[in-house]
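This report refers to the structure that appears directly beneath it.
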Amino acid sequence: MARDPASILRQRFVEAIALAFPQLGGEAIDPGVGPSRAAQHGDFQCNAAMALGKRLGLSPREAAARIVGALRAGDLAEPVTEGSIAGPGFINVTLRPGALAGLLEEMERDGLGVPNAGGGRLAVVDLCGVNLAKQMHVGHLRSTVIGDTLARVLGRTGWRVLRQNHVGDWGLPIAMVTARLMDEPPAGGPDRLTLDDLDRAYRAAQRACEADEAGLAAARRWGMGPKALGELEAQVSGARELSERARAVLVRLQQHEPGVMAVWERIRDVTMSACLAVCARLNAEVLPEHSAGESAYGPDLAGVVEDLRGRGLAVEDDGALVVRLDAPQDGAIREPLVVRKRDGAFLYATTDIAAVRHRVQRLGARRVVYAVDARQGLHFRQFFAAARRAGYARLPDGSEALLEHAAFGTILGQDGRPFKTRSGENVRLTDLLDQAQERAAATLRAKNPDLPPDEAAGIARAVAVAAIRYADLSTERTRDYAFNLDRMVAFEGSTGPYLQYAAVRLASIMRKASERHGAEAVAPATLAAASFPCAHPAEKALALTLLRFGDVVGQCAESLEPHRLCQFAQDLAGSFSAFFDQCPVLGAEDAALRTSRLRLCGLTRAVLADCLTLLGIPVLDRM
RNA sequence: GUGCUCGUAGCUCAAUUGGAUAGAGCGUCGGCCUCCGAAGCCGAAGGUUACAGGUUCGACUCCUGUCGAGCACGCCA
């Protein structure tokens with residue numbers, strides 16, 4: 001049960017509205033309840049009266065008056081009267097100090113107020129999306145970090161979460177690398193094969209493939225005669241031969257021919273162990289059991305396409321098989337979706353449709369969330385629509401699973417262009433982490449020279465993760481952002497390290513309290529016996545911030561927007577810092593107030609730690 | 001050409017999904033450590049929310065148009 005005051009008040013206002021306006025017939029009305037933005041308008045407000053008044057032909061203030069008359073909130077709020085109505089019909093609510101303390105107690109007891117929206121239902125989160133034979137680069141950073149955070153948030157709100165790493169292990173490029181490795185076995189033997197080797201082979205293969213395509217495209221574009229075309233084809237014949245050979249290997253691969261499979265499996269193992277190590281460094285929970293390669297859907301593809309065609313959803317067009325989606329109920333998408341190429345091969349759209357069916361109908365997912373680049377937006381609209389049309393998103397109970405593209409923007413360099421190295425290569429995630437770690441280590445040496453070197457190294461790792469993850473999660477998901485190492489590893493301002501620092505100061509207070517007054521001074525039983533302090537403005541402000549937590553997590557799970565959580569963490573760290581400045585804890589006037597404030601610190605620490613953990617930011621005791 | 005996303009303080013970003021006086025951080029200026037970690041806090045300056053209309057009690061948010069930016073546009077993934 002949600003026990004944050006916004007939820008409670010929301011419920012009370014819903015009841016009051018139903019009571020005041022029976023003509024609504026119990027219809028669900030959004031009461032528009034939320035924390036007030038300005039302290040002079042009380043702690044919470046209800047904005048429902050204006051819309052209701054309009055709808056029911058009453059003046060907004062009259063509607064507000066009726067709501068106020070029907071409202072029962074005396075247990076937690078100061079009396080809400082006609083005097084509480086302001087402006088066009090805002091209803092302002094101020095919590096009673098005693099109620100504030102009571103709500104904090106309830107929150108502390110009851111999962112920090114986080115709602116159980118999932119109720120044990122299954123949510124699949126598609127994240128990471130590495131490709132075989134490729135190093136993880138910045139392109140994978142957002143999918144991994146955002147996907148991991150969304151998975152954590154969904155799990156925290158009661159969803160059973162299944163992460164799926166949709167590994168690109170299927171296409172022609174992989175076959176090319178496989179072919180190349182079969183031709184030229186690695187010098188040190190298969191056991192010495194590294195992801196670097198594979199990465200080089202991949203790029204070489206890709207270049208060859210592009211040369212082939214480009215040559216033929218040029219020939220077609222210039223409308224060359226057979227003779228000239230033949231010469232050009234001779235020029236690209238080397239590349240062409242490679243492509244042909246790769247196609248042959250792809251066929252053998254898809255037939256699971258043992259010799260080819262052995263090479264492919266080696267590529268897979270080398271890639272995945274290296275990539276999962278990077279995920280672990282990013283504090284992202286992406287494990288071997290989450291790998292669900294595209295190849296796993298291979299056996300389903302022919303059946304899916306046959307099903308689509310048999311029901312008239314997929315039709316022939318210029319030799320290819322396409323699904324038309326231009327009907328309004330499909331989203332009026334002009335571009336048809338190709339599910340089978342002219343040469344009979346399937347595409348990633350086919351795989352994605354098969355994956356939806358698998359996730360919804362075999363695994364039972366109520367939500368399928370894709371943390372994937374926004375540039376694939378059209379593709380997602382297309383195959384979501386196709387999958388829905390085919391009924392693949394329908395659950396056994398007849399309800400429709402929610403297919404959600406949690407799209408994110410591009411990481412840019414300082415020049416505003418997509419982030420690349422000087423030589424135009426993708427930036428490796430390992431290099432990025434190394435750099436962030438070095439910066440963090442240097443800052444730590446300057447700020448806290450007393451840290452033992454081995455401890456400092458571990459802290460630098462944690463700070464680097466905080467810096468990178470926070471920078472990625474703190475802006476609206478769909479925005480592009482410019483990668484700026486200096487800004488993200490800064491220990492001040494809106495950064496991950498600043499949040500860690502707030503948690504460290506809280507830990508430090510608890511530690512010192514224990515040192516000075518004995519371990520029992522901070523024991524749960526001792527703290528639980530003290531009431532939360534809400535007399536000082538800074539105490540009340542901190543309390544109100546804490547009480548927002550559950551609602552924020554719930555909204556984050558619904559909107560799939562981690563930046564809300566970042567904003568909250570920032571607010572909380574800020575409220576705490578102000579409190580820390582104005583309200584001595586260890587130096588409080590008497591033992592009772594000290595214990596009381598310690599309890600507030602304990603809850604603050606718990607909420608901040610919970611929030612940071614949801615963001616995948618390590619919580620430290622010292623830094 | 002069509003579609004998607006976007007345009008907010010000098011810079012980087014928010015804004016309770018239509019709510020009250022548009023808020024933070026960085027930078028600038030001014031205060032605050034004999035006291036719990038100053039990596040902090042308090043205050044000041046900084047805005048025609050690209051522009052023009054429209055919808056209504058109320059618009060950064062919704063609708064139309066203009067300008068500007070990025071991205072994507074059936075047989076790659």
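Chain identifiers are assigned alphabetically (A, B, ...) following the order of the sequence lines, protein sequences preceding nucleic acid strands; residue numbering begins at 1 within each chain.
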Salt bridge check: are [X] and [Y] linked by an N-O gap of less than 4.0 Å?
X: A/E561; Y: A/R564; value: yes
X: A/D330; Y: A/R324; value: no
X: A/R511; Y: A/D621; value: no
X: A/R548; Y: A/D571; value: yes
X: A/R203; Y: A/D199; value: yes
X: A/E589; Y: A/R594; value: no

Worksheet item: How does RNA chain B read in dot-bracket, base by base from 5' to 3', with Watson-Crick or G-U pairs under 3.5 Å and | used when the partner is on another strand?
Response: (((((((..((((.....[...)))).(((((.......))))).....(((((..]....))))))))))))....
Would you state whether a donor and an acceptor, one from the side chain of [X] and one from the base of [N], lie under 3.5 Å apart?
X: A/D343; N: B/C75; answer: no
X: A/E476; N: B/U5; answer: no
X: A/R477; N: B/U5; answer: no

Kindly say if [X] contacts the phosphate of [N], meaning a side-chain N or O under 4.0 Å from OP1 or OP2.
X: A/R479; N: B/A14; value: yes
X: A/R505; N: B/A38; value: yes
X: A/K134; N: B/A77; value: no

[X] [atom1] to [N] [atom2], straight-line distance once rounded to whole Å:
X: A/Q570; N: B/C13; atom1: CD; atom2: P; value: 15 Å
X: A/H379; N: B/C75; atom1: NE2; atom2: C1'; value: 13 Å
X: A/R37; N: B/A24; atom1: CZ; atom2: P; value: 11 Å
X: A/E561; N: B/A15; atom1: CD; atom2: P; value: 7 Å
X: A/L547; N: B/U16; atom1: CG; atom2: P; value: 20 Å
X: A/L52; N: B/G18; atom1: CG; atom2: P; value: 16 Å
X: A/E492; N: B/A24; atom1: CD; atom2: P; value: 19 Å
X: A/L572; N: B/G25; atom1: CG; atom2: P; value: 15 Å

Side-chain donor-acceptor pairs under 3.5 Å in residues 38-49 of chain A, sequence neighbours left out?
| residue | atom | partner | partner atom | Å |
| --- | --- | --- | --- | --- |
| A/D43 | OD1 | A/K540 | NZ | 3.4 |
| A/D43 | OD2 | A/L95 | N | 2.8 |
| A/D43 | OD2 | A/K540 | NZ | 3.4 |

Pick the [atom1] atom in [N] and in [M], then give their distance to the nearest Å.
N: B/G27; M: B/C35; atom1: P; result: 26 Å
N: B/C71; M: B/G65; atom1: P; result: 24 Å
N: B/A59; M: B/U66; atom1: P; result: 24 Å
N: B/C29; M: B/A9; atom1: C1'; result: 16 Å
N: B/A15; M: B/U61; atom1: P; result: 14 Å
N: B/U2; M: B/U49; atom1: C1'; result: 29 Å
N: B/A38; M: B/G7; atom1: C1'; result: 38 Å
N: B/U8; M: B/G70; atom1: P; result: 15 Å

Closest to the [X] side chain, choosing from [options]:
X: A/F90; options: B/A77, B/A20, B/C41; answer: B/A20
X: A/Q567; options: B/C75, B/A14, B/A20; answer: B/A14
X: A/N92; options: B/A20, B/A14, B/A77; answer: B/A20
X: A/R564; options: B/C75, B/C73, B/U17; answer: B/U17
X: A/P584; options: B/C36, B/U2, B/A20; answer: B/C36
X: A/K54; options: B/G40, B/U56, B/C75; answer: B/U56
X: A/Y501; options: B/G40, B/C36, B/A77; answer: B/G40
X: A/D581; options: B/C57, B/C41, B/C75; answer: B/C41
X: A/Y498; options: B/G19, B/C36, B/C41; answer: B/C41
X: A/R487; options: B/U12, B/G74, B/C36; answer: B/U12

Give one of base, sugar-phosphate or nothing for [X], where a contact means two heavy atoms less than 4.0 Å apart.
X: A/A502; value: nothing
X: A/L337; value: nothing
X: A/K447; value: base
X: A/G34; value: base
X: A/D551; value: nothing
X: A/E316; value: nothing
X: A/S36; value: nothing
X: A/C46; value: nothing
X: A/Q382; value: nothing
X: A/P336; value: base

Worksheet entry | Residue whose closest nucleotide on RNA chain B lies nearer the 5' end, A/Q555 versus A/L444 | A/Q555
Practice prompt. Starting from the 5' end of RNA chain B, give me the residue, A/N47 or A/V338, whose nearest nucleotide shows up first.
Written response: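 Closest to the 5' end, via its nearest nucleotide, is A/N47.
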Would [N] be called syn or anti, given that syn covers angles within 90° of 0?
N: B/G74; answer: syn
N: B/C32; answer: anti
N: B/U17; answer: syn

Worksheet item: Counting N and O atoms only, with roles assigned by atom type, does the side chain of A/D551 sit under 3.5 Å from a partner on the main chain of A/A6, one being a donor and the other an acceptor?
Response: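 Looks like no, no N/O pair under 3.5 Å.
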Worksheet item: Taking the six-membered ring for Trp, is the centroid-to-centroid distance between A/F380 and A/Y370 below 6.0 Å?
Response: yes
Worksheet item: Given the side-chain rings of A/F419 and A/Y481, with only the six-membered ring counted for Trp, is the space between their centroids under 6.0 Å?
Response: no
Discussion item. With a sphere of 6.0 Å drawn around CD of A/E558, does it hold more than 12 non-hydrogen atoms of other residues, nucleotides or ligands?
Written reply: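 Result for CD/A/E558: open.
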Item to complete: Would you list the pairs meeting salt bridge (charged side-chain N to carboxylate O under 4.0 Å, His left out) in which at least one residue belongs to residues 164-176 of chain A, sequence neighbours left out?
Response: none
Worksheet item: Any stacking of A/H41 on B/A20, going by centres under 5.5 angstrom and planes within less than 30 degrees?
Response: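 Check passed, A/H41 stacks on base of B/A20.
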